*Asks:* 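Structure provided below as structure tokens; questions to follow.
Proteins come first, then strands; the chains are lettered A, B, ... in the order of their sequence lines, and each starts at number 1. Fair warning: this is a prediction, and the values are worked out from it, not measured in the lab.
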Amino acid sequence: MNARHEPMLPHGPEWEFEVLEQYDAVIARTAAEFGLDTYPNQIEIINSEQMLDAYASSGLPLGYPHWSYGKAFIRHEQSYRKGYQGLAYEIVINSDPCIAYLMEENSLTMQALVIAHASYGHNSFFKGNYLFRQFTQADAILDYLVFARRYVMECEERYGTEEVENVIDSCHALMSYGVDRYRRPQPHTAKEMDARREEIAEHERRQFNDLWRTVPVGRSGAASPVASGGFPGEPEENILYFVEKFSPRLAPWQRELVRIVRKLSQYFYPQTQTKVMNEGWATFWHYTLLNRLYEKRVVDEAFMIEFLHHHTNVVGQRGFDQQGYHGMNPYALGFAMMQDIRRICEKPTDEDREWFPDLVDTDWVRTLDFAMRNFKDESFISQYLSPRLIREFRLFVVADHADDDMLEIDSIHDEHGYRRVRRMLAEQYKRENLMPDIQVVRFDRDGDRSLTLRNSIYRGRPLRDEEANEVLRHLGRLWGFTVRLEAVDAGGRIDGFREWRP
Amino acid sequence: MNRLVDRRLNGRNRSAVNRQRFIRRYKEHIRKSVKGMIAERSITDMVKGGDVKVPAKDLSEPEFRYGSGGDWESVHPGNREFLSGDRIPRPDGGGGGGSGSQGGPGESVDDFVFTLSREEFLSIFFDDLELPNMMRTAVAEADDKRLVRAGYVKEGTPSNLSVLRTMKSALGRRIALAGPIRDDLERAREDLEQARQADRPAGEIRGLEELVEELEARLARIPFLDEVDLRYRHRVAVPRPASRAVMFCLMDVSASMDERKKDLAKRFFTLLYLFLTRKYERVELVFIRHTDEAQEVDEEAFFYDPQSGGTVVFSALQLMDEICEARYPRSEWNIYAAQASDGDAFGADPAKSARFLHDALLPRTRYFAYIECPDEHQTGSSRLWVEYEAVADASRNFAMRRVFDPTEIYPVFRDLFRKDTAGVAA
């Protein structure tokens with residue numbers, strides 16, 4: 001127990017700014033005790049209407065104007081007004097400083113919970129996790145959003161709202177295919193490129209020999225990718241990137257719009273890959289930090305009871321046959337796993353010693369920190385989900401196969417099932433499982449300029465037909481020439497084919 | 001370090017622009033809904049706004065997604081009864097893939113319903129941009145004036161005197177005029193004092209004393225209040241719409257006026273009513289229907305009560321005149337009228353009506369519109385039309401149009417008020 005005695009924090013249902021500052025200061029000190037490394041915090045108080053606004057633009061404080069955000073706003077507003085849906089207590093932006101929005105309606109206890117959750121939990125995750133470190137520039141995102149908004153609005157003024165909307169609509173249709181999952185090599189600067197070109201020209205000049213012209217060209221020459229129209233050499237999974245770089249029809253401003261949407265998609269990419277971990281981590285830390293406050297006796301029982309009430313609501317997991325079941329609750333799963341890792345470090349059982357020899361008897365703070373930094377949902381689950389949790393959640397795998405008119409229980413929480421359940425749950429968070437694998441395979445640069453995408457069919461799962469045609473139409477609009485989508489089955493045979501012509 | 005910011009006051013309604021985008025994009029749907037609303041509402045309810053339904057299908061944003069089919073495994077919590085290898089029937093609608101928590105199907109396919117505000121409703125009703133022009137025209141017509149404060153002036157009646165302003169300028173003037181004199185006076189007094197202490201000759205002291213006296217006298221002569229200080233509150237007359245208007249709806253309800261024609265008339269009446277409510281604080285409606293005799297009725301009966309009989313237009317005009325005389329003196333009310341008919345009129349009636357319109361009604365109305373809804377394939381002019389045409393040529397506040405189709409109502413309406421703009425400008 002901490003030797004220093006801190007005075008009791010003010011309590012009661014109503015909050016005030018000075019009180020929030022006191023809470024924040026105490027929570028910050030407590031977080032530092034556990035070595036949480038965070039960006040500076042900016043905590044903003046907003047009202048429910050502003051929260052709805054933030055919702056509508058997927059949590060970003062400054063989106064560009066688009067009708068789909070209006071639709072989202074109307075939808076959220078309605079279900080909120082009718083009471084179908086409560087609002088999130090908080091929204092947090094992955095930026096430096098880390099901005100957290102707190103709703104004014106929250107009680108003091110809620111505000112403390114949210115500060116611990118967002119400003120210390122999520123914040124340290126944003127700063128530490130490898131995906132966020134790799135793919136988002138926290139210090140630049142707000143500036144970029146401002147730029148994007150202004151740019152879109154300028155384009156609207158210059159080229160008309162409709163024109164701009166068309167491009168953005170088409171980009172949105174391909175938004176989930178606007179992501180680099182691995183880092184691209186740094187592009188060469190113009191200077192380097194010039195130097196390289198000169199070098200090549202110089203080399204050719206020196207090597208020039210008119211005799212070569214008389215040598216007959218071998219057949220093998222036609223196999224080179226460029227000569228056969230086989231561009232790109234490697235399939236490209238970032239379709240928006242390809243469109244931005246190579247679309248024959250786009251005007252420069254349209255290209256910039258594609259880029260803006262692509263950048264946003266990229267910004268959201270780490271969040272889609274770390275939902276369980278991110279929420280689990282934040283929930284774990286608000287739980288741990290606030291409990292620590294209670295241990296220090298700076299908050300009282302009333303505070304804890306209210307806090308635990310909210311906390312329990314957040315981490316509840318309904319069974320598959322219960323009303324309101326919407327699949328795994330990432331808060332519940334994430335929180336349970338983080339707690340479980342701590343338990344394995346501190347009080348391992350024999351089973352844990354067998355399953356997690358590397359974890360037992362280590363320092364839980366460091367072990368958790370390592371897990372937070374180096375995994376995403378898929379790998380985190382396959383690495384850390386323990387048999388004990390599988391039993392606690394009573395997880396089971398249902399197999400739904402096209403050639404079987406019944407469902408089959410594949411495995412359950414027993415000795416034979418643990419590994420399989422764990423693998424299947426991890427797979428469920430894999431990107432390939434959530435969206436079809438579609439990549440650019442051919443751009444007929446020297447011919448009719450058509451673009452071909454390939455859908456590698458994964459375990460016989462077809463695309464949604466009409467929707468796929470719609471998306472293809474959008475792609476066609478961006479590309480300006482014929483676009484095709486071929487479906488290829490596991491054996492490499494072409495299984496389906498669609499085409500859009502301008 | 002950490003910062004706590006109160007954002008509650010700024011940036012409310014940031015999504016308003018996105019909402020507008022949304023409405024613009026689904027204007028066709030919304031317009032259809034609005035059209036439906038027009039049909040089922042009464043004229044006075046028209047301005048309320050209302051629910052608009054857009055089919056979910058039209059709203060979806062497409063993406064490449066898995067459809068149903070193929071092989072799937074999904075993990076669920078809360079197993080109590082199953083063992084590995086158990087086989088269970090597919091739940092309903094189980095078309096394979098995406099059962100359970102997979103990101104596949106399972107989105108609701110409900111229609112998207114949302115509420116239009118009154119302003120949004122009106123703006124779609126009046127089709128956006130045209131309205132402000134019409135409003136200006138309308139205001140130019142109204143010749144009621146109202147006095148509003150417009151600063152201060154130097155001339156005016158004593159009752160408008162602004163004491164505060166007057167005292168302020170008096171004070172300023174006194175300081176400005178007295179300043180130099182006061183300086184001189186001070187210097188003169190000092191000189192006098194020095195002269196006395198130095199025992200200068202009496203003549204010199206006398207001179208200085210006189211100077212001091214003179215300066216004191218000059219100071220005393222500066223008036224406390226002068227003519228130039230006076231400030232009066234200024235008021236200017238600005239035109240303002242008279243607060244009350246009455247709108248007469250006259251309609252032929254004889255057998256030849258079928259539902260289609262009545263619907264056309266209703267739309268036109270509605271437009272005029274909406275237009276007037278934007279201009280006047282209070283608008284009363286008077287419904288006069290006529291066959292061979294005229295009756296004042298309520299809205300329900302006006303539009304929906306079937307009647308049969310001949311047609312005497314004159315009776316309706318006469319009744320309107322009587323009602324005006326009895327209840328709506330011209331000095332207090334702005335009188336508007338819209339008449340709808342299919343143009344059937346017989347015998348001496350058309351000529352008599354036109355004359356009565358021109359001599360008795362037009363002088364007391366601000367604006368009288370006649371809408372003719374002939375049979376769909378009718379060509380040539382009705383007799384009433386021919387007679388009214390002469391009136392239209394002779395008067396500025398009378399306009400007439402023919403309407404065949406609901407889609408023409410709005411253009412015609414606009415056209416009527418355009419014409420008026422030109423008339424006012426001329």
*Asks:* Find out whether B:P77 and A:M328 are in side-chain contact, i.e. whether some heavy atom of one side chain is under 4.5 Å from a heavy atom of the other.
*Replies:*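 Yes, at least one pair of side-chain atoms sits under 4.5 Å.
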*Asks:* Run the numbers on B:N18 and A:F73 for side chain to side chain contact (heavy atoms under 4.5 Å, CB included), then give the verdict.
*Replies:* CA-CA 8 Å; B:N18 293 328; A:F73 180 80; 6.0 Å; no
*Asks:* Could you go step by step and tell me if B:N79 and A:H413 meet the side chain to side chain contact (heavy atoms under 4.5 Å, CB included) rule?
*Replies:* CA-CA 9 Å; B:N79 175 24; A:H413 57 280; 4.0 Å; yes
*Asks:* For the candidates A:S68, A:P97, A:C98, A:A402, which exhibits the highest count of non-hydrogen atom pairs separated by less than 4.5 Å from chain B?
*Replies:*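 Looking at each of A:S68, A:P97, A:C98, A:A402 in turn, A:A402 comes out on top.
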*Asks:* With respect to chain B, which residue among A:H66, A:M175, A:R318, A:Q322 yields the maximal number of heavy-atom pairs within a distance under 4.5 Å?
*Replies:*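 Most heavy-atom pairs within the cutoff with chain B belong to A:H66.
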*Asks:* Go through A:E427 and B:V75 one step at a time and tell me if the side chain to side chain contact (heavy atoms under 4.5 Å, CB included) criterion holds.
*Replies:* CA-CA 10 Å; A:E427 292 250 314; B:V75 182; over 6 Å; no
*Asks:* Side chain, backbone, both or neither: which part of A:E21 has a non-hydrogen atom closer than 4.5 Å to chain B?
*Replies:*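 Looking at A:E21, backbone and side chain both touch chain B.
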*Asks:* Listed by chain and number, what are the salt bridge (charged side-chain N to carboxylate O under 4.0 Å, His left out) partners of A:D169, not counting sequence neighbours?
*Replies:*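 Scan of A:D169 (salt bridge (charged side-chain N to carboxylate O under 4.0 Å, His left out), adjacent residues dropped) gives B:R25.
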*Asks:* Looking only at non-hydrogen atoms, find the nearest pair between B:S74 and A:Q428 and report the distance.
*Replies:*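 Nearest pair, atom of B:S74 first, then A:Q428: CA-OE1, 3.4 Å.
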*Asks:* Is chain B contacted by the side chain of A:D321, its backbone, both, or neither, given a heavy-atom distance below 4.5 Å?
*Replies:*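 Only the side chain of A:D321 comes within 4.5 Å of chain B.
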*Asks:* Please classify the contact between A:E156 and chain B as side chain, backbone, both or neither, with a heavy-atom cut-off of under 4.5 Å.
*Replies:*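 Answer is side chain: those atoms of A:E156 sit under 4.5 Å from chain B.
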*Asks:* Quick one: CE on A:M406 to CZ on B:R87, what's the gap to the nearest 0.5 Å?
*Replies:*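 Result: 5.5 Å between the selected atoms.
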*Asks:* Of the backbone (N, CA, C, O) and the side chain (C-beta and beyond), which part of A:L174 lies under 4.5 Å from a heavy atom of chain B, both, or neither?
*Replies:*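 For A:L174, side-chain heavy atoms alone lie under 4.5 Å from chain B.
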*Asks:* Does A:E415 CD have over 12 foreign heavy atoms under 6.0 Å away?
*Replies:*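 Incorrect, the count does not exceed 12.
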*Asks:* When heavy-atom pairs shorter than 4.5 Å are enumerated against chain B, which of A:S411, A:A72, A:P462 gives the highest number?
*Replies:*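 Among the listed options, the one with the most contacts to chain B is A:P462.
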*Asks:* With A:N455, which residues qualify under side-chain contact (heavy atoms from CB on, under 4.5 Å), at least two apart?
*Replies:*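 side-chain contact (heavy atoms from CB on, under 4.5 Å) check on A:N455 returns A:P436, A:I438, A:I457, A:L463, A:L485, A:A487.
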*Asks:* Working to the nearest 0.5 Å, report the span between CG of B:D6 and CD1 of A:I45.
*Replies:*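 Rounded to the nearest 0.5 Å, the CG-CD1 separation comes to 7.0 Å.
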*Asks:* So which residue, A:I74, A:V421, A:L425, A:V397, ends up with the most heavy-atom pairs under 4.5 Å with chain B?
*Replies:*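 Heavy-atom pair counts peak at A:I74.
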*Asks:* At a heavy-atom separation under 4.5 Å, does A:R420 approach chain B through its side chain, its backbone, both, or neither?
*Replies:*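 Interface part for A:R420: side chain.
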*Asks:* Relative to chain B, which of A:D414, A:L20, A:D405 shows the most heavy atom pairs under 4.5 Å?
*Replies:*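 Max contact count across the listed options: A:D405.
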*Asks:* Mind telling me whether B:F82 and A:F320 have parallel, tilted or perpendicular rings, with 30° and 60° as the class edges?
*Replies:*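 The arrangement is tilted - the two ring planes meet at 30° to 60°.
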*Asks:* Distance check, rounded to the nearest 0.5 Å: A:I409 atom CD1 versus B:S84 atom OG?
*Replies:*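 A:I409 CD1 to B:S84 OG: 8.5 Å, rounded to 0.5 Å.
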*Asks:* What's the spacing between B:D86 CG and A:D410 CG if we round to 0.5 Å?
*Replies:*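 One finds 12.0 Å between CG of B:D86 and CG of A:D410.
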*Asks:* For A:K71 and B:E61, what are the C-alpha separation, side-chain angles and deciding distance, and is it a side chain to side chain contact (heavy atoms under 4.5 Å, CB included)?
*Replies:* CA-CA 11 Å; A:K71 175 180 116 178; B:E61 294 161 74; 3.2 Å; yes
*Asks:* Can you find a heavy atom in the side chain of B:L4 that is under 4.5 Å from one in the side chain of A:E44?
*Replies:*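 B:L4 vs A:E44: side chains apart.
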*Asks:* Report yes if the side chains of B:F64 and A:R464 come closer than 4.5 Å at any heavy-atom pair, otherwise no.
*Replies:*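 Side-chain contact under 4.5 Å: no.
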*Asks:* With rounding to the nearest 0.5 angstrom, report the CZ to CG distance, B:R65 to A:D465.
*Replies:*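 That separation rounds to 14.0 Å.
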*Asks:* Going by an N to O cut-off under 4.0 Å, is there a salt bridge joining A:R459 and B:E73?
*Replies:*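 Salt bridge present between A:R459 and B:E73.
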*Asks:* Cation-pi check for B:W72 against A:R461: NZ or CZ below 6.0 Å from the six-membered ring centre and within 45 degrees of the axis, yes or no?
*Replies:*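 Yes, A:R461 lies over the aromatic ring of B:W72.
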*Asks:* Quick check for you: to the nearest 0.5 Å, what is the distance between A:H474 atom NE2 and B:E63 atom CD?
*Replies:*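 Here the rounded value is 11.0 Å.
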*Asks:* Out of A:F396, A:Y177, A:Y458, A:Y39, return the one with the most heavy atom pairs under 4.5 angstrom to chain B.
*Replies:*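 Most pairs with chain B among the choices: A:F396.
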*Asks:* How close do B:P62 and A:E467 get, counting heavy atoms only, and between which atoms?
*Replies:*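 Closest approach of B:P62 to A:E467: CA-OE2, 3.6 Å.
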